[in-house]
Amino acid sequence: MLDVSSIREDFPILNENVYGHPLVYLDNAATMQMPRQVMDCIVRHYSTTNANVHRGVHYLSERSTSAMEQSRQRISRFLGADGLGTVVFVSGATEGINLAAQCGVRQHLSPGKKVVVTHMEHHSNFVVWQELCHQTGARLVICPLTDAGELDMDFMLSAIDQDCAAVAVCAVSNVLGTANDVATICHAAREVGAVSLVDAAQAMRHGRLDVDRIGCDFLAFSGHKVMAPSGTGALYVSDRMRDRMVPYRFGGGMVDQVGDRQTSYADLPLMLEAGTPNISGNIALASALDYLEELGLDQVATYEGELLARAEQGLDALDGVHVLGHPKERFGAVSFVVDGVHPFDLATLLDKRGIAIRTGHHCAQPLLRSLGQSSVVRISPAFYNTPEEVDYCIEQVSACSNFLRKFSK
Ligand code: PMP
């Protein structure tokens, strides 16, 4: 059992008041709050270690390099990637997916080839591939969803054929919370020689993501969704792709020999890490993963599952409230609409009561269009939230919706 009240003491921001109400932060799918332990790691870095990496021979530079490389190994262990592939530091899932597309997939695309994505992708794992298809003449195939808000796996598996060059799919949807069977999809891709990418932005804190079991070529995630600073993240690149990658950004740190006319490049991961990286952030990312693992990933997943089920049941019981999708496995987020109430108005009133939730298209316009919506409300609890906070939120969704309905008549 998680000791939520002592966990909350690690997160100073949870003591904030918002418009005179205690903050109820239920927007964790957008970004998570940071525990003291991670803040301390950043302060420690700047107090004792700060220097540029992979450059100097002096003490601090070596110490800084070693701390960042240890963090890389830590992330690799977390992903089950030890000895299997390479972890590249990136600024977040978006950069990771762009790098995978431009450095690992672009050269394999041509007219006649296709890239398979799904209708539940975040724009970061949709527009990147749409644009790549425009650039190369390849065809973008979009896997539809079932009424329950799950992937149509028959469609997906039949789309992964000899013409398929790449498949990109999220492990967990940022809107519906649907957990996808990414292992089946990635193994199918491998069988036809297609490259696979898993967008793990929403999945990182909901259980172990084992790249060996999943069988993906790329996996991207953002640090800020697992309590690390924004501007951090990682892209896992499988060994299979290692020698097939080409650089994308050029500059310091990614070269081997620079001649007047020609340059040879360093191997992965440095080849993809041109310029000075986010050193303190990359180091803090490992401390965030330590924090999560010390809590216990299974315990976190169980507790968050209970909070989410409580939110879903509470919403289901309200008149005129429609929860979107009823997938068999839902992690981290539940979205809904309310008859006669604009999501923006509802979120604005909830904010005035101290409740932080997200509203809008959630960077998933293709998904919302397929659901016949243009804007939805999302509740995304984390392990530091309490059942009382969820109940308060549901109570206020009801009260504010009733108020708005009366007001709009
Ligand atoms: N994919 C998913 C599923 C996401 O939820 C997000 C963030 N909302 C991203 C990609 C993009 O993450 P970032 O903006 O941190 O790069």
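Counting from 1, the numbers follow the sequence of the chain as shown. Counting starts at 1 for both ligands and their atoms, in listed order.
Aromatic rings of H362 and H122 (six-membered ring for Trp) have centroids beyond the 6.0 Å cut-off, not under it.
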Worked check of side chain to side chain donor-acceptor pair (under 3.5 Å) between H326 and D147
CA-CA 8 Å; H326 284 92; D147 290 343; over 6 Å; no
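Some N or O of K225 is nearer than 3.5 Å to an N or O of ligand 1, by distance alone.
Taking a 6.0 Å sphere around CZ of R8, one finds it holds more than 12 heavy atoms contributed by other residues, nucleotides or ligands. Other residues, nucleotides and ligands contribute more than 12 heavy atoms inside 6.0 Å of the CG atom of D339.
Contact annotation: H224 has at least one heavy atom less than 4.0 Å from an atom of ligand 1. The shortest heavy-atom distance from N125 to ligand 1 is not under 4.0 Å.
The aromatic rings of F11 and Y384 are tilted relative to each other, their planes meeting at an angle between 30° and 60°.
Side chain to side chain, T86 and R242 meet the donor-acceptor criterion of an N or O pair below 3.5 Å.
Judged as a salt bridge (charged side-chain N to carboxylate O under 4.0 Å, His left out), the pairs with a partner in residues 184-203 (not counting sequence neighbours) are, in order, R190-D217.
Using a 4.0 Å cut-off to heavy atoms of S222, the atoms of ligand 1 that qualify are 12 (O), 13 (P), 15 (O), 16 (O). Every atom of ligand 1 with a heavy atom of Q202 under 4.0 Å away is listed here by number and element: 3 (C), 4 (C), 5 (O).
Residue contacts with ligand 1, taken as heavy atom pairs separated by less than 4.0 Å, involve S124 solely via side-chain atoms from C-beta onward. The residue H362 has no part lying near ligand 1, judged by heavy-atom distances below 4.0 Å.
For atom 14 (O) of ligand 1, the nearest protein heavy atom (residue, atom name, distance) is T94 OG1, 3.6 Å.
In the candidate list N174, D199, T232, V90, D199 is nearest to atom 2 (C) of ligand 1, counting heavy atoms. Distances from atom 6 (C) of ligand 1 to the heavy atoms of E121, H122, R358 put H122 nearest.
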